[in-house]
Amino acid sequence: MRTIVLRPDRPFNLDRTLSCGQAFRWEVVDGWWNGVVGEEAIRIRQDGDRLIFTGADSRFIRDYFRLDQDLPSILASIDRDPVIGAAIQECMGLRLIRQPPWECLVSYICATNTNIPAVKRRIALMAERYGRPIERPGGRVYAFPEPDALAELSCTDLRECKVGYRAEAVREAALYAADNPDWAERIAALPFEEAREALMRFRGVGPKAADCVLLFAFGFFEAFPVDVWIHRIMTEAYLPELAGKGCTPAVYERIRKFAQEYFGDYAGYAQEYLYCVRESGMQKMVKPTFLNPATRQNSR
DNA sequence: GCCCAGGATACCT
DNA sequence: AGGTATCATGGG
């Protein structure tokens, strides 16, 4: 059992971080979060300013949860109005984690037009059936399968993991990644927009999935994924002129460009905080509180 | 049975 | 450039 004592100027909230829908392989079992990251089977809980965990060393935990990132400065930089301000208050301590690129890519291919529980099920099935077993005192768990393990499968095999029509896309991605083991390094070395284009060359990866992988795996914090919830929040609170138009490619582009300019280099954090309060936050907007241009400009 | 969900794609006009 | 049908699955 290991412990990390959190510095007061490095706020962190484990529950918010793991339950906000950015990662799909964590679950709570009697007060502990259990998850598999790479080859590590991790068990962790938070007690005030202490993180108590097994299954990985402290350096791994710090890196995965980005505990050394200066969250207060980041949040100060995006805190530009009452809407995002309320989300920051409510979700303080939520951090964007550093996910393994391959698992993250497959996860968001499997996350199109579906809901979070279904994605978790798909990833869990692929891991149980085709991942390397990891033996732990608490039982056996499975690493997420490497590209070559998935590349061998037929679409039928993948469909039995309940991925549905996404099977071809998962298979193609696996074949490509197995043939190009350096695919992630090459994307990581590109500038943001080029990395985005590279990801969108995978079948089944459009703007939204690409932005999620850029944000959750590659640490491009200017990425601003627009799903149906974010589309709703952004059109109601920030871009009323786009309300009721549906999230067409042009609308998607306008929202993400606005967000990058308005929230700045850490727009992705704004996105995740807004997503975190998607339901409670929308309730409070029964009378849509459109921010007027004046409010937008003199903030901060 | 319905509608919705961390959408993308091919195919229209 | 801008609309639209379709895809497979699970939750509510």
Side-chain angles (χ1 to χ4, degrees), chain A residues 16-27 87 91 94-97 99 101 103-126 129 153-173 176 196-218 220-221 223-236 241-242 244-257 259 267-283:
Chain A
R16 286 172 190 151
T17 298
L18 291 180
S19 59
C20 71
Q22 55 180 322
F24 301 104
R25 291 207 70 195
W26 289 94
E27 57 174 3
C91 302
L94 166 62
R95 285 174 181 269
L96 292 175
I97 62 186
Q99 298 188 39
E103 177 182 334
C104 189
L105 176 64
V106 177
S107 295
Y108 282 95
I109 287 174
C110 291
T112 59
N113 191 26
T114 190
N115 51 46
I116 292 174
V119 183
K120 289 184 172 173
R121 178 146 188 254
R122 289 166 186 152
I123 302 302
L125 281 170
M126 282 187 267
R129 295 184 180 194
L153 304 180
S154 66
C155 286
T156 307
D157 296 329
L158 287 166
R159 279 173 182 265
E160 284 172 5
C161 297
K162 303 301 176 186
V163 302
Y165 61 88
R166 306 163 190 86
E168 291 85 4
V170 173
R171 202 174 112 77
E172 271 189 36
Y176 181 84
R196 191 170 189 264
E197 286 169 20
L199 282 168
M200 287 173 57
R201 280 179 217 124
F202 285 95
R203 183 181 304 278
V205 178
K208 158 63 170 61
D211 286 332
C212 285
V213 177
L214 290 166
L215 186 59
F216 301 139
F218 289 103
F220 284 101
F221 299 107
F224 194 86
V226 181
D227 68 347
V228 296
W229 289 102
I230 293 297
H231 173 255
R232 211 167 283 159
I233 294 167
M234 291 302 291
T235 53
E236 292 199 13
E241 65 271 28
L242 298 182
K245 292 190 60 176
C247 198
T248 64
V251 169
Y252 188 108
E253 203 61 12
R254 290 218 14 214
I255 292 174
R256 96 173 168 100
K257 289 298 185 187
Y269 263 93
Q271 189 274 356
E272 204 55 20
Y273 274 72
L274 291 172
Y275 187 79
C276 186
V277 298
R278 57 195 177 278
E279 281 148 311
S280 62
M282 289 302 285
Q283 285 294 335

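Protein chains get the first letters and strands the later ones, always in sequence-line order, with residue 1 at the start of each.
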Answer with base, sugar-phosphate or nothing: what part of the nucleic acid does [X] contact at a heavy-atom distance below 4.0 Å?
X	answer
A:Lys208	base
A:Val163	nothing
A:Pro249	nothing
A:Glu272	base
A:Gly204	sugar-phosphate

OP1 or OP2 of B:dG6 under 4.0 Å from side-chain N/O of A:Arg232: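 No, outside the criterion.
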Below 4.0 Å: OP1/OP2 of C:dC7 and any side-chain N or O of A:Arg166: no
No-H, no-angle donor-acceptor pair, A:Tyr252 side chain to B:dG7 base, under 3.5 Å: no
N/O donor-acceptor pair, side chain A:Asp227 with base B:dA5, under 3.5 angstrom: no
Looking at the side chain of [X], which of [options] is the nearest nucleotide?
X	options	answer
A:Ala250	B:dG6, C:dG2, C:dT9	C:dG2
A:Tyr165	C:dG2, B:dG6, B:dG7	B:dG7
A:Phe24	B:dG6, B:dT9, B:dG7	B:dG6

A:Pro117 vs A:Thr112, nearer the 5' end of DNA chain C by closest nucleotide: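 Here A:Thr112 is the residue nearer the 5' end.
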Beyond-backbone contact of A:Phe202 with A:Val170, side-chain heavy atoms, under 4.5 angstrom: no
Face-to-face contact A:Trp229 to B:dG6 six-ring, under 5.5 Å, under 30°: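 One would not call A:Trp229 stacked on the B:dG6 base.
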Closest approach of A:Ala23 to A:Ile97 (non-hydrogen atoms, all atoms of both residues):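 Answer, listing the atom of A:Ala23 first, then A:Ile97: CB-CD1, 3.7 Å.
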Closest approach of A:Val213 to A:Leu105 (non-hydrogen atoms, all atoms of both residues): CG2-CA, 3.8 Å
Distance, P atom - from C:dA5 to B:dG6, rounded to whole angstrom: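 Straight-line distance between the two P atoms is 23 Å.
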Audit row: A:Arg166, A:Glu172, salt bridge (charged side-chain N to carboxylate O under 4.0 Å, His left out) steps and yes/no: CA-CA 10 Å; A:Arg166 306 163 190 86; A:Glu172 271 189 36; over 6 Å; no
Side-chain (A:Gln99) to main-chain (A:Gln22) donor-acceptor, under 3.5 angstrom: yes
Trace of the side-chain contact (heavy atoms from CB on, under 4.5 Å) decision for A:Asp157 with A:Arg129: CA-CA 10 Å; A:Asp157 296 329; A:Arg129 295 184 180 194; over 6 Å; no
A:Leu214/A:Phe224 under side-chain contact (heavy atoms from CB on, under 4.5 Å): CA gap, chis, key distance, verdict: CA-CA 9 Å; A:Leu214 290 166; A:Phe224 194 86; over 6 Å; no
Close residues, residues 209-217 of chain A, relative to DNA chain B [heavy-atom separation under 4.0 Å]: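 Going residue by residue through residues 209-217 of chain A, the ones with a heavy atom under 4.0 Å of DNA chain B turn out to be A:Ala209, A:Phe216.
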Residue whose nearest DNA chain B nucleotide is more 5′ - A:Gly21 or A:Phe202: A:Gly21
